[in-house]
Amino acid sequence: MANQSSSHPILCASFNQDHSCFAIGTKDGFKIFDCDTGRLLYERVIGAFIIVEMLYRSSFLAIVGAGEQPSLSPRRLCLFNTVSGTSLRELNFLTSILAVRVNRKRLIVVLQEKTYIYDVNSLEIKRIIDTVPNSQGLCAFSASIENPYLALPASNIKGSVLIYNVMDLQSHCEIHAHRSRLAAMVFSSNGMYIATASEQGTLIRVHLISEATKSYSFRRGTYPSTIFSLSFGPSADLPDLLLAASSSGSLHIFSLGLDLNESSRKSNSFFGSIMPGSVTDAWDPAHHIVHHNAFAAGVRSDAVIRKIEKASGTSMSEPVTLRATVSVITFTGYFQEYGFRINHKNEATWTLEHEFNLLTAVAETTTS
């Protein structure tokens with residue numbers, strides 16, 4: 001995610017595909033951190049960067065400069081090796097690069113009216129997609145090889161999504177998700193579902209990709225708010241949770257089908273049963289838990305659900321409970337990790353477990 005405002009010290013921030021690490025770009029360079037320990041893994045001070053994308057925990061980086069010096073043009077993509085500290089390859093474009101995504105098979109480069117699909121190993125151009133004007137570089141890319149989908153805006157008037165198969169190199173479907181233009185979207189880790197939010201930010205919808213059908217519709221609120229990021233919880237099938245970070249400074253968690261308490265299957269409880277594959281409009285606030293003032297209102301932030309743990313008791317009187325780890329990068333320069341817990345009585349708690357300054361972090365040095 002790139003920062004459209006230069007008022008914040010963080011120019012871009014992104015988690016890697018399995019949310020084990022994250023990278024930030026600043027006016028001085030870029031940094032890579034370990035999510036579990038908060039340790040600074042790598043730092044390069046060579047100028048301002050607006051895109052820094054990782055490929056899992058490998059030494060491969062895709063980086064784009066902010067244009068403050070000729071060697072860091074926003075029209076040049078540098079594929080960088082952190083081990084050797086050198087450029088592997090540079091790709092130049094006629095217009096500014098707005099977004100870059102990568103998985104183990106494909107490299108995606110998003111420009112305002114074109115999107116390039118490359119083979120990540122040979123860097124052969126596999127396809128160039130002409131798109132509607134996409135000044136924000138909005139896109140979503142699945143890390144799954146089994147469901148290798150790319151999502152792009154299909155309209156600059158309404159919230160339609162083009163789903164493209166990057167291996168078959170053909171359009172899979174078009175989803176009409178919202179009445180107003182798209183602002184955020186993300187795939188589940190298995191590439192089976194996509195969540196979207198419009199510029200209004202009042203509704204968040206989840207679609208099953210294989211059938212292009214709406215599975216869930218959640219109301220975040222009644223007043224407009226910008227959705228900065230969306231994140232599904234990790235899952236091999238239907239994700240349990242969906243997270244949204246909004247410009248009001250709030251974190252929102254929605255349930256997508258987790259049944260913590262068998263006895264609540266027919267109730268209006270937060271984790272009451274929701275049948276996967278059915279169209280569900282979860283207007284009931286019991287499906288939605290909010291953590292207000294998680295970060296300063298108006299500060300662009302990127303949040304993900306990194307882990308989900310379920311614990312069951314030894315008897316029927318001790319039903320399943322859930323704990324989720326939520327990580328947040330604020331563009332003012334802080335990393336926050338929250339523990340989210342909910343019990344069988346639908347009592348939720350948020351605990352700020354870790355917080356540190358990304359700008360003052362120093363890499364550990366070893367002595368011989």
Counting neighbours of CZ on Arg75 that are heavy atoms of other residues, nucleotides or ligands and sit closer than 6.0 Å, is the number greater than 12?
no
Handout entry: Other residues, nucleotides, ligands: >12 heavy atoms within 6.0 Å of Tyr42 OH
Key = yes
Test of understanding: with side-chain hydrogen bond (donor to acceptor under 3.5 Å, both in side chains), list the residues that count as partners of Thr95, not counting sequence neighbours.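 With neighbours one apart ignored, the set is empty.
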Do [X] and [Y] have side-chain N/O donor and acceptor atoms under 3.5 Å apart?
| X | Y | value |
| --- | --- | --- |
| Thr332 | His8 | no |
| Arg323 | Thr321 | no |
| Ser198 | Ser180 | yes |
| Thr330 | Ser301 | no |
| Thr196 | His207 | no |

Below 4.5 Å, heavy atoms only, C-beta onward: do [X] and [Y] meet side chain to side chain?
| X | Y | result |
| --- | --- | --- |
| Phe15 | Asp302 | yes |
| Gln17 | Val102 | yes |
| Ser327 | Val304 | yes |
| Pro74 | Ile97 | no |
| Val290 | His252 | yes |
| Leu107 | Leu77 | yes |
| Leu98 | Gln112 | yes |
| Phe232 | Asn190 | no |

Heavy atoms only: give me the nearest [X]-[Y] pair and the separation to one decimal.
| X | Y | result |
| --- | --- | --- |
| Glu53 | Ser14 | OE2-CB, 3.5 Å |
| Ala244 | Leu230 | CB-CD2, 3.7 Å |
| Ala245 | Ala303 | CB-CB, 4.0 Å |
| Ala23 | Ile32 | CB-CG1, 4.2 Å |
| Met167 | Pro148 | CG-CG, 3.5 Å |
| Ile63 | Phe80 | CD1-CB, 3.9 Å |

When you look at Thr226 and Phe228, which way does the side chain to side chain contact (heavy atoms under 4.5 Å, CB included) test go after all the steps?
CA-CA 6 Å; Thr226 300; Phe228 288 144; 4.0 Å; yes
[X] with [Y], same ILVMFWY side-chain cluster at under 4.5 Å:
| X | Y | value |
| --- | --- | --- |
| Ile51 | Tyr118 | yes |
| Val328 | Val299 | no |
| Leu138 | Phe93 | no |
| Leu152 | Phe141 | yes |
| Val186 | Leu208 | yes |

So, the side chain of [X] versus the backbone of [Y]: is there a donor-acceptor pair under 3.5 Å, distance only?
| X | Y | answer |
| --- | --- | --- |
| Tyr164 | Leu169 | yes |
| Ser155 | Ile157 | yes |
| Asn103 | Ser142 | yes |
| Ser231 | Ile305 | yes |
| Arg205 | Ala177 | yes |
| Asn81 | Val83 | yes |
| His172 | Ile209 | yes |
| Asn16 | Met54 | no |
| Tyr338 | Leu251 | no |

> Does the ring centre of Tyr216 sit less than 6.0 Å away from the ring centre of Tyr193?
Replying inline: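 No, too far apart.
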Can [X] and [Y] be counted as an ion pair, charged N to O under 4.0 angstrom?
| X | Y | answer |
| --- | --- | --- |
| Glu174 | Lys158 | no |
| Asp119 | Arg106 | yes |
| Asp18 | Arg57 | no |

inquiry  = Apply side chain to side chain contact (heavy atoms under 4.5 Å, CB included) to residues Asp240 and Ser235 and explain how you reach the verdict.
reply    = CA-CA 7 Å; Asp240 295 323; Ser235 174; 5.7 Å; no
Could you grab the distance from atom [atom1] of [X] to atom [atom2] of [Y], nearest 0.5 Å is fine?
| X | Y | atom1 | atom2 | answer |
| --- | --- | --- | --- | --- |
| Arg220 | Thr222 | CZ | OG1 | 7.5 Å |
| Ser250 | Ile253 | OG | CD1 | 12.5 Å |
| His354 | Glu337 | NE2 | CD | 5.0 Å |
| Leu182 | Ile227 | CG | CD1 | 12.5 Å |
| Leu11 | Ile50 | CG | CD1 | 8.5 Å |
| Cys78 | Arg89 | SG | CZ | 11.5 Å |

Tested for ring-ring contact (aromatic ring centres under 6.0 Å, His included) against Phe335, the lone hit among Phe22, Phe33, Phe295 is Phe22
Practice prompt. Dump the intermediate steps for side chain to side chain contact (heavy atoms under 4.5 Å, CB included) on Thr115 and Cys139, then the final yes or no.
Written response: CA-CA 10 Å; Thr115 295; Cys139 66; over 6 Å; no
Paired with Lys114, the side-chain hydrogen bond (donor to acceptor under 3.5 Å, both in side chains) test is passed by just one of Asp130, Thr131, Asn134, namely Asp130
Given the rule in the side chain to side chain contact (heavy atoms under 4.5 Å, CB included) test, do Tyr334 and Glu355 qualify, once you have shown the distances and angles that lead to the verdict?
-> CA-CA 7 Å; Tyr334 286 88; Glu355 182 176 27; 4.1 Å; yes
Only residue of Leu241, Ile204, Val206 satisfying side-chain contact (heavy atoms from CB on, under 4.5 Å) with Phe254 is Ile204
